[in-house]
Amino acid sequence: MNFHTIILARRDNLLCLTLNRPDKLNSVDAVMREEISLALADASADDTVRAVLLTGAGRGFCAGQDLSERDIRADKASPNLEKSLRDGYNPIIQTLATMPKPIVCAVNGVAAGAGANIALACDFVIAAHSARFIQAFCKIGLVPDCGGTWFLPRLVGLARARSLAMLGDAVDATTAAAWGMIYQCVADDELTAHSEALAARLAQAPTAALGKIKNLLLASGDHSLPAQLALEAKTQDEAGRSADYAEGTQAFLQRRAPAFVGK
Ligand code: T3D
């Protein structure tokens with residue numbers, strides 16, 4: 001399929017997805033929303049894709065919803081934002097958070113509104129030193145969406161989540177890393193190599209086990225300790241029947257590097 005607003009590139013088992021409307025800081029219009037959804041659904045279903053790297057073209061990562069599609073005048077009906085989120089953005093966030101394979105997000109510049117929260121839904125967020133995260137919603141009279149009110153308190157605690165969501169100020173990448181909002185902040189000229197190396201490493205890892213780890217960590221937020229212990233035991237039993245567990249133990253016993261197949 002030909003995409004107009006994103007670029008897909010395959011490097012062995014790694015899929016690189018680049019948001020590509022650089023003139024508009026990769027803000028998300030209806031076409032891009034559809035294309036991201038399609039690309040992620042394909043990546044999710046394709047066993048040969050064992051890791052995804054998400055980034056943006058140009059000087060921004062993603063400035064959230066394309067506001068030129070929301071040019072509300074007094075004589076026009078208000079847009080149906082519930083529908084836009086329910087049918088457009090929420091499936092993207094859900095897929096990023098639950099896809100049973102690792103996703104690295106390389107934040108190359110400003111990440112605002114939905115763009116910030118798309119990044120936070122990924123498993124590893126690595127930001128360039130010059131990048132900024134902005135919960136821009138309150139600046140235009142909206143509330144954080146795309147999981148912002150779910151991810152932020154879990155990542156940075158309520159006090160910081162409140163300040164981010166209710167003030168809408170920019171947080172620089174160094175602070176975001178210090179607060180635990182993102183995984184790492186690296187020098188601008190190291191972002192591409194660093195995040196590609198991490199994503200390539202993850203693409204060689206035991207994919208099915210990593211998918212199960214994602215699921216366990218996600219479930220832990222709603223579970224008691226006994227419930228989580230039970231889920232770990234059940235999941236470990238499944239992992240213990242995998243080809244990668246057999247390979248991992250054999251490789252250890254034979255003192256060689258494992259060659260995981262992702263299953
Ligand atoms: O609507 C729904 O479906 C509900 C879902 C909502 C989710 C949301 O994401 S709501 C939040 C939307 N995003 C924003 O409010 C952020 C708007 N952008 C900004 O505040 C600033 O652009 C930034 C802080 C991100 C960056 O500032 P700066 O000074 O580095 O760049 P700039 O000059 O403002 O932007 C550069 C260009 O990108 C400019 O275009 P031009 O004038 O050169 O042709 C600007 O208009 C365009 N741009 C930036 N953000 C958006 C955008 N165009 C459309 N929509 C945008 N969100």
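What you see below is based on every heavy atom in this structure, not just the backbone, and it leaves out hydrogens, waters and symmetry mates. Counting starts at 1 for both ligands and their atoms, following the listed order.
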Exam field: side chain N108 to backbone G56, donor-acceptor pair closer than 3.5 Å
yes
Is Q184 reaching over with its side chain to a backbone N or O of V125, donor-acceptor style, under 3.5 angstrom?
no
Find all atoms of ligand 1 within a distance of less than 4.0 Å from any non-hydrogen atom belonging to [X], and give their numbers and elements.
X   : result
D66 : 54 (C), 55 (N)
G64 : 9 (O)
S84 : 2 (C), 3 (O)

Is the shortest distance from a heavy atom of D23 to ligand 1 less than 4.0 Å?
yes
With I6 as reference, evaluate N20, V31, I36 under the side-chain contact (heavy atoms from CB on, under 4.5 Å) test and give the passing residue.
I36
Of D71, N26, I140, which has the heavy atom at the shortest distance from atom 11 (C) of ligand 1?
I140
Among R59, K24, R33, which one puts a heavy atom closest to atom 33 (O) of ligand 1?
R59
[atom] within contact range, any protein heavy atom under 4.0 Å:
atom                    : value
atom 46 (O) of ligand 1 : no
atom 3 (O) of ligand 1  : yes
atom 56 (C) of ligand 1 : yes
atom 26 (C) of ligand 1 : yes
atom 9 (O) of ligand 1  : yes
atom 30 (O) of ligand 1 : yes

Test of proximity, [X] against ligand 1: N or O pairs below 3.5 Å:
X   : value
L85 : no
Q65 : yes
Y89 : no

Taking ILVMFWY side chains as joined if any heavy atoms are under 4.5 angstrom apart, and letting links pass through other members, which residues group with V110?
L25, I134
I'd like to know whether I103 forms a side-chain contact (heavy atoms from CB on, under 4.5 Å) with K214, so could you lay out the CA-CA distance, the side-chain angles of the two residues, the decisive distance to 0.1 Å, and finally the verdict.
CA-CA 10 Å; I103 305 178; K214 271 181 88 155; 4.1 Å; yes
Going by atom types only, do R33 and Q65 share a side-chain donor-acceptor pair under 3.5 Å?
yes
Does [X] approach ligand 1 within less than 4.0 angstrom via side chain, backbone, both or neither, non-hydrogen atoms only?
X    : answer
S27  : side chain
L67  : both
K139 : neither
E69  : neither
I134 : side chain

Min side-chain heavy-atom separation C138-M166 under 4.5 Å:
no
Are the side chains of W179 and T175 in touch, meaning some heavy atoms are under 4.5 Å apart?
yes
Please tabulate, one pair per line, all N/O donor-acceptor pairs under 3.5 Å involving side-chain atoms of residues 141-164, not counting sequence neighbours.
| residue | atom | partner | partner atom | Å |
| --- | --- | --- | --- | --- |
| R154 | NH1 | W150 | O | 3.2 |
| S163 | OG | R160 | O | 2.9 |

Salt bridge K24-D29, side-chain N to carboxylate O under 4.0 Å:
no
Pair D244 + K263: basic N to acidic O under 4.0 Å
no
